[in-house]
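Lettering of chains follows the sequences in order, A, B, ..., and the numbering in each one begins at 1. Below, all heavy atoms of this structure are taken into account, side chains as well, without hydrogens, waters or symmetry copies.
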Protein chains: 2
Amino acid sequence: MTTARPLRVLLADDEHLIRGALAALLALEEDLVVVAEAASGPEALAMALAHRPDVAVLDLQMPGADGVKVATSLRAELPDCRTMIVTSHGRPGHLKRALAAGVRGFVPKTVSARRLAEIIRTVHAGNRYVDPELAADAISAGDSPLTVREAEVLELAADGAPVAEIAERASLSQGTVRNYLSSAASKIGAENRHTAVRLARERGWV
Amino acid sequence: MTTARPLRVLLADDEHLIRGALAALLALEEDLVVVAEAASGPEALAMALAHRPDVAVLDLQMPGADGVKVATSLRAELPDCRTMIVTSHGRPGHLKRALAAGVRGFVPKTVSARRLAEIIRTVHAGNRYVDPELAADAISAGDSPLTVREAEVLELAADGAPVAEIAERASLSQGTVRNYLSSAASKIGAENRHTAVRLARERGWV
DNA sequence: GCCACCCCATGACGTTTGTCATGAGCAGTG
DNA sequence: CACTGCTCATGACAAACGTCATGGGGTGGC
């Protein structure tokens, strides 16, 4: 039999320990070769352009630009490169954003390395793979009921700023801000904006 | 030269991917042997009692019981076992809690595997190792200026509950709760309790 | 034994929110 | 074109919140 051309992988994760360990484990798979590693979003992008991998395995949380942002850029600049996201704490909204960005694989870090290798092959073959549990969460969380402005105002309220400050930053009147916060909270089912922010965060709506 | 007795290591992390990868990397070090792995706090404890490792490498965030809690239990039940914490997002307060629990090593996951192996040896030799950057953060964050009750009330306020609910859960009058929240916020330098909660969290005071 | 500090409470005050009614301008849809 | 839904605004009222003054009971230090 002929030796197939190896599947070229880019690995991006800001934690050296994990990235290195992962590279070592993936190296055990004969058909995979890690051609580049990156510790930040921008670096991942640069590395991808330089080494043109078949599959980019991106951590969700990285300094500079998160995995989804990198995936979006990659899709534009390197369309042949498949992207997938690996994450510790997968929230529903992330998954949705990722799929919208053209990501083809979304897995939590609780999978085994062997399984990850399989998924990399799946993704490379042009198929998609989404962790069943995360998918279920995403479905049960549903779509955001918030309008654009409601989400916007809620986000500005995220760090506990008073209404006056939110109004200024959003260039809205204080009354309008309070109306939006009120309707957002009632849609979410929260008693006040602070729990509303928390719940919206959990569901990936902000 | 005689072959020294290998250094027995317990690895606890809820992310299979990372734990497995780590185990593989540490296995490359000739003097280290990973004798047990665990995916949760209670499991880590049970495994430690069963296998009696020399050093327990614990992830900070695990289901069941976090790394520091496990370390506390280990100190009581297996005093000869040295403990160390590995974490992704190290906040000052965690470090403080960890040291108080008798943890001898505290490192972020941004270190390399080789470096981790060195630190495991350092810890086993009876020395301590704390990541310099985390140590600096901890020092600059300083000690909590909050009294016991202030911290307690602040914690109850963490999820955005109204004063009435906090008062009930703390068995205090609403007025008292508001006084504590007020003084806590002013000590922290926050404008309201919500930002106070956030800042206190960041500094590890709750 | 005085003093400092924490704990808990009460009452009162002004401010900030949450909520509701109401309405105008402006999309997109059937 | 009528209708619906989003955006933005105003005004008003009740509830929640932040702040201050005040006071009693407790613990620990000097």
Side-chain angles (χ1 to χ4, degrees), chain A residues 93 96-97 100 141-206, chain B residues 93 96-97 100 141-206:
Chain A
K96 207 164 294 181
R97 276 204 308 140
D143 267 343
S144 170
L146 304 177
T147 68
V148 179
R149 279 295 132 67
E150 282 165 356
E152 206 174 306
V153 170
L154 204 56
E155 197 149 14
L156 286 172
D159 51 356
V163 171
E165 191 180 319
I166 300 173
E168 196 180 357
R169 290 212 277 170
S171 299
L172 292 175
S173 84
Q174 298 197 15
T176 304
V177 168
R178 285 192 292 177
N179 286 338
Y180 282 161
L181 286 175
S182 181
S183 71
S186 84
K187 278 179 183 173
I188 291 175
E191 296 223 325
N192 57 52
R193 61 201 162 119
H194 303 288
T195 68
V197 166
R198 197 168 47 80
L199 291 174
R201 277 262 162 78
E202 281 173 13
R203 297 175 197 171
W205 293 343
V206 291
Chain B
K96 207 165 295 183
R97 276 204 309 141
D143 267 342
S144 171
L146 304 177
T147 68
V148 179
R149 279 294 134 67
E150 282 165 356
E152 205 174 306
V153 170
L154 204 54
E155 197 148 15
L156 287 172
D159 52 354
V163 171
E165 192 180 317
I166 300 172
E168 195 181 357
R169 290 212 277 170
S171 299
L172 292 175
S173 84
Q174 297 196 16
T176 305
V177 168
R178 287 193 293 180
N179 285 339
Y180 281 160
L181 286 175
S182 182
S183 70
S186 83
K187 278 179 183 174
I188 290 175
E191 295 223 326
N192 58 52
R193 61 200 162 122
H194 303 288
T195 67
V197 166
R198 196 167 48 80
L199 291 173
R201 276 262 163 79
E202 282 172 13
R203 298 175 196 170
W205 292 343
V206 291

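- Rounded to whole angstrom, the span from the CD atom of B:Glu150 across to the P atom of C:dC8 amounts to 11 Å.
- Between A:Arg193 and C:dG18 there is a side-chain polar atom (N or O) within less than 4.0 angstrom of OP1 or OP2.
- Side-chain contact between A:Arg193 and A:Val153: absent, with no pair of heavy atoms (C-beta onward) separated by less than 4.5 Å.
- The separation between B:Tyr180 atom OH and C:dC5 atom P is 16 Å, rounded to whole Å.
- Within 6.0 Å of CZ in A:Arg198 there are more than 12 heavy atoms belonging to other residues, nucleotides or ligands.
- Residues A:Leu172 and A:Tyr180 form a side-chain contact, since some pair of their non-hydrogen atoms from C-beta on lies under 4.5 Å apart.
- A donor-acceptor distance shorter than 3.5 angstrom exists from the side chain of B:Asn192 to the backbone of B:Thr195, with no hydrogens or angles considered.
- Remark: A:Ser173 is in phosphate contact with D:dT10, judged by side-chain N or O atoms under 4.0 Å from OP1 or OP2.
- Using a 4.0 Å heavy-atom criterion, one finds that B:Asn179 contacts the bases of the nucleic acid, with or without backbone contacts as well.
- Between the CD atom of A:Glu168 and the C1' atom of C:dT16 there is a distance of 17 Å, rounded to whole Å.
- Residue B:Gln174 contributes atom CD, which lies 14 Å from atom C1' of C:dC8 at whole-angstrom precision.
- Between A:His194 atom NE2 and C:dT16 atom C1' there is a gap of 10 Å when expressed in whole angstrom units.
- The CG-P distance, from A:Leu181 to C:dC20, rounds to 15 Å in whole Å.
- Applying the 4.0 Å criterion to OP1 and OP2 of D:dC6, one finds that A:Thr147 has every side-chain N and O outside that range.
- Rounded to whole Å, the distance from CZ on B:Arg178 to C1' on D:dA15 is 11 Å.
- Contact check, A:Arg149 against D:dC6: no side-chain N or O comes under 4.0 Å of OP1 or OP2.
- In this structure, the CD1 atom of B:Ile166 is 16 Å from the C1' atom of C:dC8, given to the nearest Å.
- Counting heavy-atom neighbours within 6.0 Å of A:Glu202 CD, excluding the residue itself, gives a total above 12.
- When the nearest nucleotides of DNA chain C are assigned to B:Lys187 and B:Val177 by heavy-atom distance, the more 5′-ward of the two goes with B:Lys187.
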